[in-house]
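This report refers to the structure that appears directly beneath it.
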Amino acid sequence: MELLNDVFTAKAIFIGIVFAITLGVAAYSTYFERKIAAFMQDRIGPDRAGPFGILQPLADAVKMFMKEDFIPANSNKWLFIAGPCLSMLTALMTSAVVPFGDTVTISGVTFDLQGIDVNIGILWVFGIVSLGVYGILVGGWASNNKYSLLGAIRAASQNISYELAMGMSIIAILMLSGSLSTKAIVETQQAGHWNILQQPLGFVIFLICAFAECNRTPFDLPECETELIGGYHTEYSSMKLGFYLFAEYINMFISGAVMATLFFGGYDYPGYAYIAAQLGSNAATFIGMGALIGKALLFVFVFMWVRWTLPRFRYDQLMGLGWTGLIPLSMFNVVVTGFGILIDQPILAGVGGIVILLVGLIVNDALSRKKKIA
Amino acid sequence: MEITNIWYFLSALTLLSALMVVFAKNPIHSVLYLVFTFFCISGHYVLLNAQFLMAVNIIVYAGAIMVLFLFVIMMLDLRKNMPESKSSLVKLAGSVVAGTLLVILIAAFHKNSLPAPTAENTANFTSQTGMVENLGKVLYSEYLLPFELVSILFFVAMVGAVLLGKREVGERNF
């Protein structure tokens with residue numbers, strides 16, 4: 001009983017730390033997003049609050065809280081409030097199964113640096129991601145505004161379309177690791193055997209789907225301001241709007257952590273065994289946690305980089321890419337992975353799959369061009 | 001907290017939200033209560049130690065099918081498409097049919113009530129039956145043919161969806 005209490009306390013503290021890290025990263029993502037945008041557009045960006053504008057997120061938060069909290073007439077009041085709450089809830093729940101590190105032993109008690117180690121870990125992530133759309137859908141409908149409703153409907157159809165390709169790209173990972181548990185998936189990738197080497201195509205599919213699921217540019221059609229004013233959050237103000245925006249940044253960070261877990265070895269880093277031998281396993285584990293967070297932050301940067309580089313898709317292009325582009329591609333990836341496991345050369349099969357795909361596309365292009373001329 | 005207390009609480013919650021699906025005036029509220037009902041049923045799966053079913057139930061029903069329901073209902077103009085209230089004869093007939101079904105169900109369950117767990121009939125019981133590894137083994141050995149047939153069916157449906165979505169050369173974008 002005593003041991004159970006210790007483990008329970010440790011888990012509670014750990015979950016609190018993950019919560020704090022996630023919120024802190026999300027808050028500072030807003031600052032870095034503006035700084036990166038400014039850099040790419042040759043501007044200075046926020047520089048008034050504190051040195052280099054480092055206190056800008058605090059100023060933003062104060063502004064959000066002080067603004068008038070407006071609920072439009074004829075809106076559905078409870079659902080209007082529930083929308084941002086649901087968005088925030090689903091954004092924060094995913095991190096429960098991400099393994100942030102290996103085991104830590106403090107005063108004789110050993111525990112994992114992971115919220116819960118269930119043997120359906122990746123399905124949990126998938127389930128929570130598929131629920132993420134409810135916040136947008138409910139908020140958009142409750143606003144009683146045509147533009148909000150259109151944004152919500154776009155979000156729903158987009159999320160459902162890209163979930164299919166995302167699930168298929170995860171299946172290839174499951175074939176390689178033979179387990180649904182995120183911890184087991186990371187353990188098969190230790191000592192540099194990262195899944196990205198065997199699954200380059202799967203990673204590209206997963207990355208594109210992650211962009212679509214987070215509603216980030218070039219897939220931010222639900223809040224497309226040229227067509228829909230503000231999309232699903234047109235009617236929102238004050239901290240309710242803040243929650244929607246905040247949930248997006250949390251989703252970015254968590255999806256970065258999930259991508260690092262699935263494709264980039266999780267908490268693995270070069271020289272893990274050497275540091276474990278020199279400084280003890282606890283130090284190596286904490287550096288591993290830092291490595292995972294670093295990888296996740298790198299993905300957050302990629303999200304921002306793409307946002308300020310690529311223009312937005314048209315809606316039919318978005319649906320076309322999801323249904324006729326990514327789903328057949330992820331089926332192809334599953335077949336290639338199966339072939340690689342069969343001949344026991346997964347890396348060769350992964351690279352060979354991309355080569356075959358490119359050759360196929362070029363041949364197809366050449367053939368269809370001839371048809372167009374004739 | 002006793003596990004039976006959790007079961008009673010969860011069952012009460014399930015029944016309450018299932019009733020609210022029927023009684024809610026607004027169809028959107030109905031759908032949201034239905035989503036909540038699915039969550040409660042997933043909670044029951046967790047109590048039965050069937051984590052895989054829990055996750056799949058949430059992904060498929062709460063995450064995909066209910067989103068489509070909500071999607072369609074949101075497209076309707078609810079004020080225009082409200083069904084007019086039924087006559088009292090229809091209401092009476094409905095209650096009689098539903099009441100008869102309830103009585104039949106209760107009678108059926110009462111007659112075939114499962115024996116209480118004893119030492120003899122729990123000897124072959126393993127708590128790991130619902131885990132994904134065991135479920136996979138059963139599906140890929142005992143039920144291999146039906147499973148593969150279902151997967152072919154889904155594959156055909158998926159290819160059909162992609163084919164319908166594909167735009168021919170020269171066709172308009174909208």
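All chains are named by letter (A, B, ...) in the order of the sequence lines, taking the proteins before the strands, and each is independently numbered beginning at 1. When reading the values below, keep in mind they use all heavy atoms of this one structure, side chains included, and skip hydrogens, waters and symmetry mates.
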> Do B:I28 and A:V138 pass the side chain to side chain contact (heavy atoms under 4.5 Å, CB included) test, and can you show the C-alpha distance, the side-chain angles, and the key distance before you say yes or no?
Replying inline: CA-CA 9 Å; B:I28 298 275; A:V138 165; over 6 Å; no
Does any heavy atom of chain B fall under 4.5 Å from the side chain of [X], the backbone, both, or neither of them?
| X | answer |
| --- | --- |
| A:L149 | side chain |
| A:M331 | side chain |
| A:N159 | neither |
| A:L150 | neither |
| A:S179 | neither |
| A:I327 | side chain |
| A:L137 | both |

>> Please classify the contact of B:M66 with chain A as side chain, backbone, both or neither, using a heavy-atom distance under 4.5 Å.
In response: both
> Contact part of B:V60 toward chain A, heavy-atom cut-off under 4.5 Å: side chain, backbone, both or neither?
Replying inline: neither
Give a yes or no on this: more than 12 heavy atoms of other residues, nucleotides or ligands lie within 6.0 Å of atom [atom1] of [X].
| X | atom1 | value |
| --- | --- | --- |
| A:F332 | CZ | yes |
| B:F38 | CZ | yes |
| B:F71 | CZ | yes |

> From B:L32 CG over to A:W141 CH2, what is the distance, rounded to the nearest 0.5 angstrom?
Replying inline: 8.5 Å
>> Quick check against the 3.5 Å criterion: does A:Y134 have a side-chain atom that pairs as donor or acceptor with the backbone of B:A62?
In response: yes
Heavy atoms only: give me the nearest [X]-[Y] pair and the separation to one decimal.
| X | Y | answer |
| --- | --- | --- |
| B:I58 | A:S130 | O-OG, 4.5 Å |
| B:Q51 | A:I120 | O-CD1, 3.5 Å |
| B:V67 | A:A156 | CG1-CB, 3.8 Å |

>> Quick one, B:I59 and A:L131 - any side-chain contact, counting heavy atoms below 4.5 Å?
In response: no
> Taking side chain as C-beta onward, heavy atoms only, is A:W124 less than 4.5 Å from B:M54?
Replying inline: yes
> Listed by residue number, which members of residues 13-24 of chain B have a heavy atom under 4.5 Å from any heavy atom of chain A?
Replying inline: none
